[in-house]
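Please read the structure below before turning to the comments.
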Amino acid sequence: EAQVTQNPRYLITVTGKKLTVTCSQNMNHEYMSWYRQDPGLGLRQIYYSMNVEVTDKGDVPEGYKVSRKEKRNFPLILESPSPNQTSLYFCASSPQGTVYEQYFGPGTRLTVT
Amino acid sequence: AQTVTQSQPEMSVQEAETVTLSCTYDTSENNYYLFWYKQPPSRQMILVIRQEAYKQQNATENRFSVNFQKAAKSFSLKISDSQLGDTAMYFCAFMKDFGNEKLTFGTGTRLTIIP
């Protein structure tokens, strides 16, 4: 089954404790992206990747890091989480260079206390 | 930069009725793509319908159709014969033509179908 998976689905952590949210897709997509969803703001792009070893900032990259060492994986790293990073996070992927549907993961609910 | 505006935070409609969700956007691009995504309580993002700006014909998908007015930069979603399963948050989204396939989202409209 073609899908984007994220882990964990739910996470409660404390300020300053490094964490990683994993994202993996099995569709051989070049393009992958991370969004965060906040009430009243919709979804906003954090980082994106056009292909392996190619990443760039989206609209709200502060406090986040990403890496793309393999085509299928695109982890989101919070080196020192803060309460303002409490949010719902989505990973998405699509083929590069065409406007196909972006496939979204199931979301990760992160709470930073 | 592109912006997407959804001016209706919440709507409700009786089951089997028709409802229209509004979306306006601002861009200087000539070629672009517009989307409506549905987010049910499961939080999954589901593509409802897509419209290419270069196409004059409005997109339709079963009970879902759009009214695309390029000059007015308007992209409304019409849901006909609404069903209880249509209860969800609906997001309008914009994508430039290729390059970074970033979706710029509106703030969403929470739609409730009343039995």
Side-chain angles (χ1 to χ4, degrees), chain A residues 1-6 8-10 23 25 27 29-51 54-61 66 68 74 87-110, chain B residues 1-10 21-26 29-55 59 61 64 75 88-110:
Chain A
E1 178 190 357
Q3 61 182 350
V4 178
T5 57
Q6 293 179 229
R9 297 287 311 278
Y10 300 89
C23 172
Q25 50 93 5
M27 296 165 281
H29 288 164
E30 293 85 4
Y31 182 86
M32 297 185 75
S33 179
W34 276 101
Y35 296 87
R36 61 177 288 173
Q37 180 181 353
D38 301 290
L41 296 177
L43 285 80
R44 295 174 292 167
Q45 190 185 56
I46 303 170
Y47 268 94
Y48 67 96
S49 171
M50 300 284 209
N51 214 324
V54 181
T55 63
D56 208 345
K57 297 177 181 179
D59 295 326
V60 288
V66 294
R68 187 89 181 274
F74 189 46
S87 188
L88 178 59
Y89 291 86
F90 286 98
C91 180
S93 74
S94 68
Q96 178 65 39
T98 58
V99 185
Y100 286 120
E101 172 183 357
Q102 283 201 19
Y103 291 80
F104 281 82
T108 295
R109 170 71 70 185
L110 172 65
Chain B
Q2 286 69 229
T3 59
V4 178
T5 302
Q6 292 180 250
S7 59
Q8 305 153 311
E10 295 188 16
L21 280 59
S22 301
C23 173
T24 59
Y25 58 94
D26 187 25
E29 303 287 332
N30 189 47
N31 294 323
Y32 51 87
Y33 301 82
L34 296 163
F35 305 83
W36 278 99
Y37 277 86
K38 170 184 177 181
Q39 186 180 48
S42 67
R43 304 188 320 217
Q44 183 68 44
M45 294 293 287
I46 302 166
L47 178 65
V48 175
I49 201 163
R50 173 177 60 215
Q51 174 79 43
E52 293 86 348
Y54 62 84
K55 289 186 177 179
E61 288 286 343
F64 299 88
F75 183 61
M89 181 75 87
Y90 287 82
F91 291 100
C92 179
F94 172 101
M95 180 190 290
K96 281 169 50 176
D97 190 12
F98 303 150
N100 171 12
E101 274 82 338
K102 179 180 81 170
L103 289 163
T104 299
F105 286 87
T107 53
T109 296
R110 184 173 301 281

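Residue numbers start from 1 in every chain, and the chains themselves are labelled A, B, ... in the order their sequence lines are given, proteins ahead of strands.
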Quick check: are there more than 12 heavy atoms from other residues, nucleotides or ligands sitting under 6.0 Å from CZ of Arg110(B)? no
Taking ring-ring contact (aromatic ring centres under 6.0 Å, His included) as the definition, give me every residue that meets it alongside Tyr35(A), ordered by chain and number, with sequence neighbours left out. Phe104(A), Phe105(B)
Taken to the nearest 0.5 Å, the spacing of Gln102(A) CD from Arg50(B) CZ works out to 11.0 Å
Report which part of Asp56(A) has an atom under 4.5 Å of a heavy atom belonging to chain B: side chain, backbone, both, or neither. neither
Pairing residues for Asn31(B) by the side-chain hydrogen bond (donor to acceptor under 3.5 Å, both in side chains) criterion, not counting sequence neighbours: none
From Lys102(B) atom NZ to Tyr48(A) atom OH, the distance as rounded to the nearest 0.5 Å: 8.5 Å
Contact origin within Arg109(A) toward chain B - heavy atom pairs under 4.5 Å: both
Quick one: CD on Gln37(A) to OG1 on Thr107(B), what's the gap to the nearest 0.5 Å? 11.0 Å
What part of Gln6(B) gets closer than 4.5 Å to chain A, counting heavy atoms only: side chain, backbone, both or neither? neither
Correct closest heavy-atom pair for Phe90(A) and Arg43(B) would be CZ-O, 3.2 Å
Using non-hydrogen atoms only, which part of Leu43(A) is less than 4.5 Å away from chain B: side chain, backbone, both, or neither? both
